[in-house]
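Each remark here refers to the structure printed beneath this line.
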Amino acid sequence: IGTGGFVWDINEKPDPEELEVAEGLSAAVGDYELYENARDIYIVFRGTTCSEQTDYETKKILTLHFDLETGSLIQLNEVMDVALIVNRITEGDYTILSDDMDKDSFRKILEEDYPDLQESLEQFDIGKGLSSISVPPGYSFETDDGLHLIFSVSHEQGDYVEIVTKAPVL
């Protein structure tokens with residue numbers, strides 16, 4: 001699998017010394033998790049980076065979502081009812097998994113950073129609907145617990161907010 005300048009076989013954990021570090025990035029440490037259901041597989045990368053321009057670590061999370069039948073990268077809006085996700089979030093039908101974040105603070109983040117939540121969710125994940133140079137506004141993956149949504153936020157707000165809600169499959 002290759003993304004963001006890093007290339008490795010997902011069946012073998014990479015040796016950090018063998019990873020080619022992207023320009024301006026002084027360190028990157030992380031791990032991955034695999035989740036699978038009858039139609040999809042999700043690879044969830046979690047870690048931290050530190051760049052030459054900052055003196056602090058940044059938490060990162062990135063997901064790759066593959067269709068098991070075609071092998072294609074797919075986005076949230078191709079397999080989930082985004083309008084129903086918006087309704088669930090608006091009604092508060094979710095659990096925040098990120099430390100030091102409550103629903104009032106998260107609601108303010110959504111109002112300020114994601115004013116058109118449906119449009120933002122339609123752009124979640126890396127896939128054919130996203131140009132190769134674009135970074136999506138967030139990521140998603142599905143587990144037995146439900147649909148996890150990862151919203152990018154500022155470093156002061158924790159780098160990202162992870163929530164989980166019921167998965168509204170198309």
Side-chain angles (χ1 to χ4, degrees), residues 1-14 16 19-20 22 28-49 58-99 101 103 106 109-110 113-114 116-153 158-170:
I1 289 189
T3 185
F6 298 97
V7 179
W8 64 88
D9 179 348
I10 65 167
N11 296 314
E12 183 176 313
K13 299 268 182 177
L19 292 176
E20 180 182 322
V29 178
D31 205 352
Y32 66 89
E33 306 154 19
L34 296 174
Y35 299 98
E36 184 177 352
N37 60 35
R39 65 180 193 282
D40 310 309
I41 188 166
Y42 299 88
I43 306 171
V44 181
F45 300 93
R46 293 180 190 268
T48 57
T49 62
T58 303
K59 295 185 307 183
K60 297 287 186 184
I61 188 167
L62 171 120
T63 66
L64 298 174
H65 180 189
F66 292 94
D67 180 303
L68 286 174
E69 186 175 313
T70 66
S72 301
L73 276 171
I74 52 179
Q75 292 180 273
L76 175 68
N77 67 352
E78 295 178 72
V79 292
M80 299 282 174
D81 184 337
V82 173
L84 187 51
I85 296 169
V86 170
N87 287 342
R88 288 191 176 144
I89 292 172
T90 303
E91 294 170 3
D93 185 15
Y94 60 89
T95 301
I96 296 176
L97 301 179
S98 299
D99 294 335
M101 181 64 61
K103 286 191 175 183
F106 181 59
I109 288 170
L110 290 178
D113 298 342
Y114 298 88
D116 187 339
L117 184 56
Q118 177 143 349
E119 182 179 317
S120 295
L121 289 171
E122 288 172 354
Q123 297 173 31
F124 264 43
D125 300 315
I126 297 169
K128 64 184 175 198
L130 189 70
S131 80
S132 61
I133 59 169
S134 296
V135 175
Y139 298 95
S140 68
F141 63 98
E142 189 179 358
T143 68
D144 292 340
D145 297 334
L147 175 65
H148 293 247
L149 298 169
I150 314 300
F151 292 85
S152 298
V153 298
D159 299 319
Y160 64 82
V161 175
E162 182 174 356
I163 69 168
V164 64
T165 188
K166 295 175 196 161
V169 179
L170 288 176

Gap separating the [atom1] atom of [X] from the [atom2] atom of [Y], nearest 0.5 angstrom:
X      : Y      : atom1 : atom2 : result
Thr63  : Glu142 : OG1   : CD    : 12.0 Å
Ile96  : Leu149 : CD1   : CG    : 12.0 Å
Ile43  : Phe66  : CD1   : CZ    : 5.0 Å
Thr165 : Asp145 : OG1   : CG    : 12.0 Å
Ile163 : Leu110 : CD1   : CG    : 7.5 Å
Ile85  : Leu76  : CD1   : CG    : 4.5 Å

For Phe141, all residues meeting ring-ring contact (aromatic ring centres under 6.0 Å, His included), sequence neighbours excluded |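 Checked Phe141 against ring-ring contact (aromatic ring centres under 6.0 Å, His included); matches are Tyr35, His148.
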Contact summary for [X] and [Y], nearest pair of heavy atoms:
X      : Y      : result
Tyr114 : Ser152 : OH-O, 2.7 Å
Arg46  : Glu162 : NH1-OE1, 3.0 Å
Ser120 : Pro137 : O-CG, 3.4 Å
Ala167 : Met80  : CB-CE, 3.9 Å
Leu68  : Ala38  : CD1-O, 4.1 Å
Leu73  : Glu78  : O-OE2, 4.5 Å

Take atom CG of Asp116 as the centre, draw a 6.0 Å sphere, and report whether it contains more than 12 heavy atoms from other residues, nucleotides or ligands.
->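 Yes, because the 6.0 Å sphere around CG of Asp116 holds more than 12 heavy atoms from other groups.
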Can the positive tip of Lys59 be found less than 6.0 Å from the middle of the six-membered ring of Tyr160, inside 45° of the ring normal?
-> yes
The single option from Asp125, Ile74, Leu147 that satisfies side chain to side chain contact (heavy atoms under 4.5 Å, CB included) with Val79 is Ile74
Are the side chain of Lys103 and the backbone of Tyr94 linked by a donor-acceptor contact shorter than 3.5 Å?
->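 Checked: pair present.
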Where the side chain of Ser72 meets the backbone of Asp67, is there a donor-acceptor pair that is under 3.5 Å apart?
-> no
So do the side chains of Leu117 and Phe151 get within less than 4.5 Å of each other, counting heavy atoms only?
-> yes
Taking Tyr42 as the fixed residue, which of Glu36, Glu33, His65 is the one that meets the side chain to side chain donor-acceptor pair (under 3.5 Å) rule?
-> His65
